[in-house]
Amino acid sequence: MFNRSRRNLARWFTLSMGSILVIFAAVVYYQEVEDELEVVDRLLYKKTRAIAANIDYRYEQGQQRIDLDNVPWLGNSPLPVDTELVYARWYNSQKQIVRFFGAPPPPQLTSEVGFHTLKDTDDLAAQTRFQPWLRQVTLAVEKNGTVIGYLQIATSLAAAQNSLSQLRLFLALAVPITIFIIALAGWFLGGLAMQPIRQAYFQLQRFTADASHELRTPLAAILSNAQVGLLSADPAGQRLRLEKIVEVAKSMSNLVSNLLLLARQQGTIAPE
């Protein structure tokens, strides 16, 4: 009985704490994904600002002129040594490709403005020799309140994926081990919680056994004296038997009073 109760306590403790641990691990992983994407997005936004700042835009003879020769990744200047971009693309205001670096782009811009994660793009992976997952940003470049074109760049998420893979491996090992430790702790704490109940149960058993043993003797004396008194025809003998019964009954009453006092001290019976 006690072992079953202990197992139930340990099971519910492990289930509750394990659920909290799994939820916490999921929150940590989700937050890490958000942090990794935020780092990549800051890098992409910084690159787009650097590229857009070098675009030479001017009006000549009533027509707009956009010079990309001095633009990093899109111009004639050498590529930066520490480049992290997979591709860079410049679309005009009509969303048609004008110049690009990296994998050949579609002739018409189809992506919406903003940040996007490109995954499971096998063709793109074959063309760029990078991981299939890319982080891409498409921004509208404005001059004097007019959209002069669209800049699109992308970088690989390989480093972020490797970092998240290591985190997943750590969580996959740490969570089961921690749950196992929680189960052991639950079993130990369940044993500690059951000790007062076990002691109270054993005290109750001892109390019951002692009360049964102590009450058996006076009850037997009362019964035997009553039976002899019924069979005796001598009034004096009957009186003697009745006095014996009264004496044994008083002794039994004192014994019951002592047992009640003992029970109240052990906390099993509330005082009247």
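No side-chain donor from either of Asn162 and Gln166 sits under 3.5 Å from a side-chain acceptor of the other.
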Scan the side chains in residues 11-24 for donor-acceptor partners under 3.5 Å anywhere in the protein, sequence neighbours excluded, and list what turns up.
residue: Arg11; atom: NH1; partner: Asn8; partner atom: OD1; Å: 2.7
residue: Thr14; atom: OG1; partner: Ala10; partner atom: O; Å: 2.7
residue: Ser16; atom: OG; partner: Trp12; partner atom: O; Å: 3.0
residue: Ser16; atom: OG; partner: Phe13; partner atom: O; Å: 2.9
residue: Ser19; atom: OG; partner: Leu15; partner atom: O; Å: 2.7

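Atom CG of Leu164 sits about 4.5 Å away from atom OH of Tyr29, to the nearest 0.5 Å. Gln96 CD to Leu109 CG: the interatomic distance, rounded to the nearest 0.5 Å, is 11.0 Å. Between Leu74 atom CG and Arg89 atom CZ the span is 11.0 Å, to the nearest 0.5 Å. Rounded to the nearest 0.5 Å, atoms CZ (Arg135) and NZ (Lys119) are 10.5 Å apart. The distance from atom CG of Leu43 to atom CD1 of Ile153, rounded to the nearest 0.5 Å, is 7.5 Å. Summarising the geometry, atom CZ belonging to Arg49 is positioned 12.5 Å from atom CG belonging to Leu151; distances are rounded to the nearest 0.5 Å.
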Q) So Lys143 and Asp56, salt bridge (Lys or Arg N to Asp or Glu O under 4.0 Å) or not? Walk me through it. A) CA-CA 10 Å; Lys143 295 289 186 179; Asp56 185 12; over 6 Å; no
Q) What's the verdict on side chain to side chain contact (heavy atoms under 4.5 Å, CB included) for Leu68 and Asn54, showing C-alpha distance, side-chain angles and the deciding distance? A) CA-CA 8 Å; Leu68 302 176; Asn54 287 275; over 6 Å; no
Q. Given the rule in the side chain to side chain contact (heavy atoms under 4.5 Å, CB included) test, do Val137 and Tyr45 qualify, once you have shown the distances and angles that lead to the verdict?
A. CA-CA 8 Å; Val137 60; Tyr45 186 71; over 6 Å; no
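Under the 4.5 Å side-chain heavy-atom criterion for grouping Ile, Leu, Val, Met, Phe, Trp and Tyr, Val71 is connected to Val98 within one hydrophobic cluster.
Atom CD of Glu112 has 12 or fewer neighbouring heavy atoms from other residues, nucleotides or ligands inside a 6.0 Å radius.
Ser156 places a side-chain heavy atom less than 4.5 Å from the side chain of Leu134. With contacts defined as side-chain heavy-atom distances shorter than 4.5 Å, the pair Ile55/Trp90 qualifies. Annotation: side chain of Phe115 is not in contact with side chain of Val40 (no heavy-atom distance under 4.5 Å). At least one side-chain heavy atom of Glu32 sits less than 4.5 Å from a side-chain heavy atom of Ser163. Between Phe100 and Gln152 the shortest side-chain heavy-atom distance does not fall below 4.5 Å.
Taking all atoms of both residues into account, the shortest heavy-atom contact from Tyr87 to Ala103 is CB-N, 4.1 Å. The two atoms that bring Val175 and Ala25 nearest to each other are CG2-CB, 3.9 Å, heavy atoms only. Nearest heavy atom pair, residue Val147 against residue Ser93, reads O-CB, 3.6 Å.
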